> 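Sending over a structure as C-alpha cells; questions will come in a sec.
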Amino acid sequence: MQESYYIYSSGNLTQKDNTLRFTAIDGNVKDLPIENIKEIYIMNEITVTSKLLNLFSKYGILVHFFNYYQFYIGSFCPKETKLAGQLLVKQVLAYGDYSNRLSIAREFIVAASYNIYRNLRYYNGRGKNVSEQMDAIENLRRKLADVETIEELMGIEGNIRQEYYKAWNVIIDQNIEFDKRVYHPADNMINSLISYVNSLVYTKTLAEIYKTQLNPTISYLHQPGTRRYSLALDVSEIFKPLIADRLIFSLLNRKQITESSFVEGLNGLQLTERASRIITSEFDEKLKTTIFHKELNKNVSYQFLIRLELYKLIKHIIGEKEYKGFEMWW
C-alpha cells in the first residue's frame with residue numbers, strides 16, 4: 001500500500017537501486033522502497049538532485065516542500081502521464097466562456113458554504129450556540145444564486161467566512177481569541193493552524209488532480225496565474241470545512257494542540273516539529289475516514305471524495321452532466 005512520507009530532519013535524499021535512501025544529518029539512514037511511496041513531504045532542508053527528480057517523475061511521486069517553520073513553499077509534480085488534448089481544450093473553453101466559468105465557480109462556493117453551515121449545525125446540536133452565525137450564513141447563501149461576477153461571488157464568500165470565524169470562539173474549548181483570518185504573519189494559534197492544515201488539503205487536492213486528465217493550472221474561481229496550481233485552490237475550498245476545519249476543532253478540543261505547540265518566530269506564531277508531526281498523523285487518518293456513498297452504494301474515503309469531485313468536474317467540462325459541488329449529508 002502506498003503511503004505519504006514526511007521528512008522532518010535535515011539531510012540528503014539519494015537513489016540506491018530501486019530504493020529511496022534518506023541520510024539524516026546525524027548519519028542515520030532509512031531506506032524507502034519506491035513502490036511504497038505515494039507522496040513525499042519535505043519539512044526541512046534536504047538536498048535533492050536532478051537525478052532524483054527524474055526518479056520521482058518516472059514513478060509519478062509528488063514532492064511537497066515546506067520550510068523549517070512549516071510554511072508551504074511549493075510542489076514538484078512529475079510530467080503529466082494522462083495527457084488528454086481534447087479535455088485540455090474543453091477545460092480552457094469552459095474558462096473562456098464567462099457564463100460557464102461563473103456557473104462552476106458558483107458551485108464551488110455553494111458547496112463550500114453549505115459544508116460550513118453543516119459544521120455549525122453539527123456543533124449547535126451539541127450545546128455550542130452558534131445559531132446567530134447559522135442564520136447569517138443562510139441569508140448570505142441565498143444571494144449566491146443572483147451573482148453576476150466572480151468578484152461578487154468571492155465577496156459573498158468572504159462575508160460567509162467572516163460569520164463562520166465568529167463561531168470558532170464558541171466551538172473551540174480553549175481560550176483563544178480569534179475574530180478574523182490573518183495570513184502573514186499568523187498572529188495566533190488558530191490562524192497558524194488554519195494556514196498549515198489548509199496547505200495540507202491543497203497538496204492532497206493537487207495530488208488527486210494529478211491522477212486525472214485535468215490541468216491543475218486552469219481554474220474557475222481563483223484566477224489562473226503563474227507559479228501556482230489554481231484548480232487545486234478551487235476544489236480544496238469544498239473540502240476545507242470537512243477535512244481541515246473539523247480536524248482543527250478536534251485537535252484543539254482534545255488538547256492535542258495547545259499553546260505549548262507553538263513558538264514565536266520571525267514570521268509570527270509557528271508550530272513546533274512535534275505539533276506538526278501530530279497534525280500530519282491525524283490528517284492522514286482523517287483522509288482514511290470512510291463514509292457510505294449513496295450514489296456509488298459503497299464506502300469511500302475522504303481522500304477519494306476529492307477524486308470523485310474531479311470526475312464530476314470533467315463530466316461538466318465535456319458536456320456530459322452539469323456540475324454540482326459536493327455537500328455533506330451526515
Side-chain angles (χ1 to χ4, degrees), residues 104 106-142 144-145 157 160-161 163-173 190 193-194 197-198 200-205 207-209 221 232 234-254 256-257 279-313 315-316 321-330:
I104 296 170
R106 190 199 325 268
E107 272 305 305
F108 289 146
I109 298 304
V110 167
S113 61
Y114 181 79
N115 294 336
I116 282 172
Y117 181 84
R118 290 293 297 223
N119 275 354
L120 295 184
R121 194 174 85 169
Y122 173 86
Y123 282 97
N124 195 67
R126 284 157 178 77
K128 306 283 189 177
N129 185 6
V130 292
S131 56
E132 183 178 340
Q133 288 76 35
M134 291 171 65
D135 291 342
I137 288 172
E138 266 197 309
N139 290 332
L140 287 166
R141 292 189 75 246
R142 292 191 188 100
L144 293 173
E157 187 265 348
I160 288 172
R161 288 203 168 271
E163 291 296 331
Y164 182 42
Y165 290 140
K166 288 178 184 178
W168 283 40
N169 285 323
V170 179
I171 293 171
I172 295 168
D173 293 334
I190 294 177
L193 276 174
I194 292 173
V197 180
N198 279 356
L200 295 178
V201 175
Y202 168 83
T203 59
K204 292 298 181 185
T205 305
E208 292 303 320
I209 292 173
L221 176 63
D234 282 4
V235 178
S236 63
E237 291 292 337
I238 296 173
F239 294 96
K240 286 176 186 176
L242 170 62
I243 300 172
D245 298 348
R246 287 199 174 189
L247 177 60
I248 291 170
F249 298 152
S250 174
L251 289 166
L252 291 172
N253 286 346
R254 290 189 298 179
Q256 290 175 283
I257 298 295
I279 292 167
T280 53
S281 175
E282 294 292 333
F283 179 74
D284 282 350
E285 287 303 310
K286 174 72 75 174
L287 290 174
K288 294 174 186 174
T289 302
T290 59
I291 54 102
F292 184 77
H293 198 287
K294 294 178 287 186
E295 290 184 20
L296 298 180
N297 197 34
K298 66 177 183 179
N299 288 326
V300 298
S301 67
Y302 281 11
Q303 182 156 353
F304 194 67
L305 285 173
I306 302 174
R307 181 101 55 91
L308 292 175
E309 199 67 11
L310 299 169
Y311 291 155
K312 291 193 309 185
L313 184 57
K315 287 184 177 182
H316 176 96
K321 186 177 181 181
E322 186 177 358
Y323 173 68
K324 293 294 180 185
F326 168 80
E327 297 181 350
M328 286 189 275
W329 59 81
W330 64 96

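What you are looking at is a predicted structure, and each value in this text was computed from that prediction instead of being measured.
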> Please check: side-chain N/O of Ser250 versus main-chain N/O of Arg246, any donor-acceptor pairing under 3.5 Å?
no
> Should the pair Arg254-Glu282 be classified as a salt bridge under the 4.0 Å nitrogen-to-oxygen rule?
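Yes, this pair counts.
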> Could you give me the CA-CA distance, side-chain angles and deciding distance for Ile171 and Asn119, then say whether side-chain contact (heavy atoms from CB on, under 4.5 Å) is met?
CA-CA 10 Å; Ile171 293 171; Asn119 275 354; over 6 Å; no
> Checking Val110 against Glu327 for the side-chain contact (heavy atoms from CB on, under 4.5 Å) test, could you report, in this order, the C-alpha distance in whole Å, the side-chain angles of both residues, the deciding distance, and whether it holds?
CA-CA 9 Å; Val110 167; Glu327 297 181 350; 3.8 Å; yes
> Are Arg141 and Glu163 close enough for a salt bridge, meaning some N to O gap below 4.0 Å?
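A salt bridge is absent here (no side-chain N lies under 4.0 Å from a carboxylate O).
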> Taking atom types as modelled, find out whether Arg118 and Tyr122 have a side-chain donor-acceptor pair closer than 3.5 angstrom.
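There is no such pair between these side chains.
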> Starting at CG of Leu247, measure out to CG of Leu193 and round the result to the nearest 0.5 Å.
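Spacing of CG (Leu247) from CG (Leu193) equals 8.5 Å.
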> Does the side chain of Tyr117 pick up a donor-acceptor pair with the side chain of Gln133 at under 3.5 Å?
no
> May I ask you to test the Phe108-Tyr323 pair for a side-chain heavy-atom distance under 4.5 Å?
yes
> Under 3.5 Å, is there a donor-acceptor pair between the side chain of Lys321 and the main chain of Lys312?
no
> Is any side-chain heavy atom of Asn299 less than 4.5 Å from a side-chain heavy atom of His293?
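With C-beta onward as the side chain, the pair stays apart.
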> Hey, does Leu144 have a side-chain heavy atom less than 4.5 Å from the side chain of Ser113?
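Side chain of Ser113 against side chain of Leu144, heavy atoms only: contact under 4.5 Å found.
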> For Phe283 and Ile243: C-alpha separation, side-chain torsions, deciding distance, then whether side-chain contact (heavy atoms from CB on, under 4.5 Å) applies.
CA-CA 8 Å; Phe283 179 74; Ile243 300 172; 3.6 Å; yes
> Which heavy-atom pair separates Leu287 from Ser301 by the least distance, and what is that distance?
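Heavy atoms only, the tightest pair is O-CB, 3.4 Å.
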> Return the orientation label for the Trp330 and Tyr302 ring planes: parallel under 30°, perpendicular over 60°, tilted otherwise.
tilted
> Salt-bridged, Lys204 to Glu208, with N to O below 4.0 Å?
no
> Would one find more than 12 heavy atoms of other residues, nucleotides or ligands at under 6.0 Å from atom CD of Glu132?
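Open: at most 12 neighbouring heavy atoms sit under 6.0 Å from CD of Glu132.
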> Quick one: does Arg307's side chain get under 4.5 Å of Val300's, heavy atoms only?
no
> Any chance you could lay out the side-chain contact (heavy atoms from CB on, under 4.5 Å) test for Lys128 and Asp173, step after step, and finish with the verdict?
CA-CA 10 Å; Lys128 306 283 189 177; Asp173 293 334; 2.4 Å; yes
> Quick check for you: to the nearest 0.5 Å, what is the distance between Lys298 atom NZ and Thr290 atom OG1?
12.0 Å
> State, to 0.1 Å, how close Val197 and Ile248 come at their nearest heavy-atom pair, and which atoms those are.
CG2-CG1, 4.1 Å
> Rounded to the nearest 0.5 Å, what separation is found between the CD1 atom of Ile306 and the OH atom of Tyr311?
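These two atoms lie 12.5 Å from each other.
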> Would you say the side chain of Ile116 lies within less than 4.5 Å of the side chain of Lys240, judging by non-hydrogen atoms?
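No, their side chains stay 4.5 Å or more apart.
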> Got a second to check how far Ile209's CD1 is from Glu309's CD, nearest 0.5 Å?
11.0 Å
> Which atom pair, heavy atoms only, marks the closest approach of Leu252 to Ile172?
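So the two residues come closest at CD1-CD1, 3.7 Å.
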> Find out whether Asp245 and Asn115 are in side-chain contact, i.e. whether some heavy atom of one side chain is under 4.5 Å from a heavy atom of the other.
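When only atoms from C-beta onward are counted, Asn115 and Asp245 do not touch, as no gap falls below 4.5 Å.
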> Taking all atoms of both residues into account, what is the closest heavy-atom pair of Thr203 and Leu200, and its distance?
OG1-O, 2.8 Å
> If every non-hydrogen atom of Tyr202 is compared with every non-hydrogen atom of Ser236, which pair is closest and at what distance?
CA-CB, 4.3 Å
> Please report the interatomic distance CD1(Ile137) to NZ(Lys166), rounded to the nearest 0.5 Å.
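NZ of Lys166 is found 10.0 Å from CD1 of Ile137.
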> Kindly give the heavy-atom pair with the smallest separation between Pro241 and Ala112, and that separation in Å.
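Closest heavy-atom pair between Pro241 and Ala112: CG-O, 3.8 Å.
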> Is Phe326 close to Glu107 at the side-chain level, that is, under 4.5 Å between some pair of heavy atoms?
no
> In Å and rounded to the nearest 0.5 Å, what is the CD1 to CG distance from Ile109 to Leu140?
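Reported to 0.5 Å precision, the distance equals 12.0 Å.
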> Are Asn124 and Arg121 linked by a side-chain donor-acceptor pair shorter than 3.5 Å?
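Asn124 vs Arg121: no donor-acceptor pair found between side chains.
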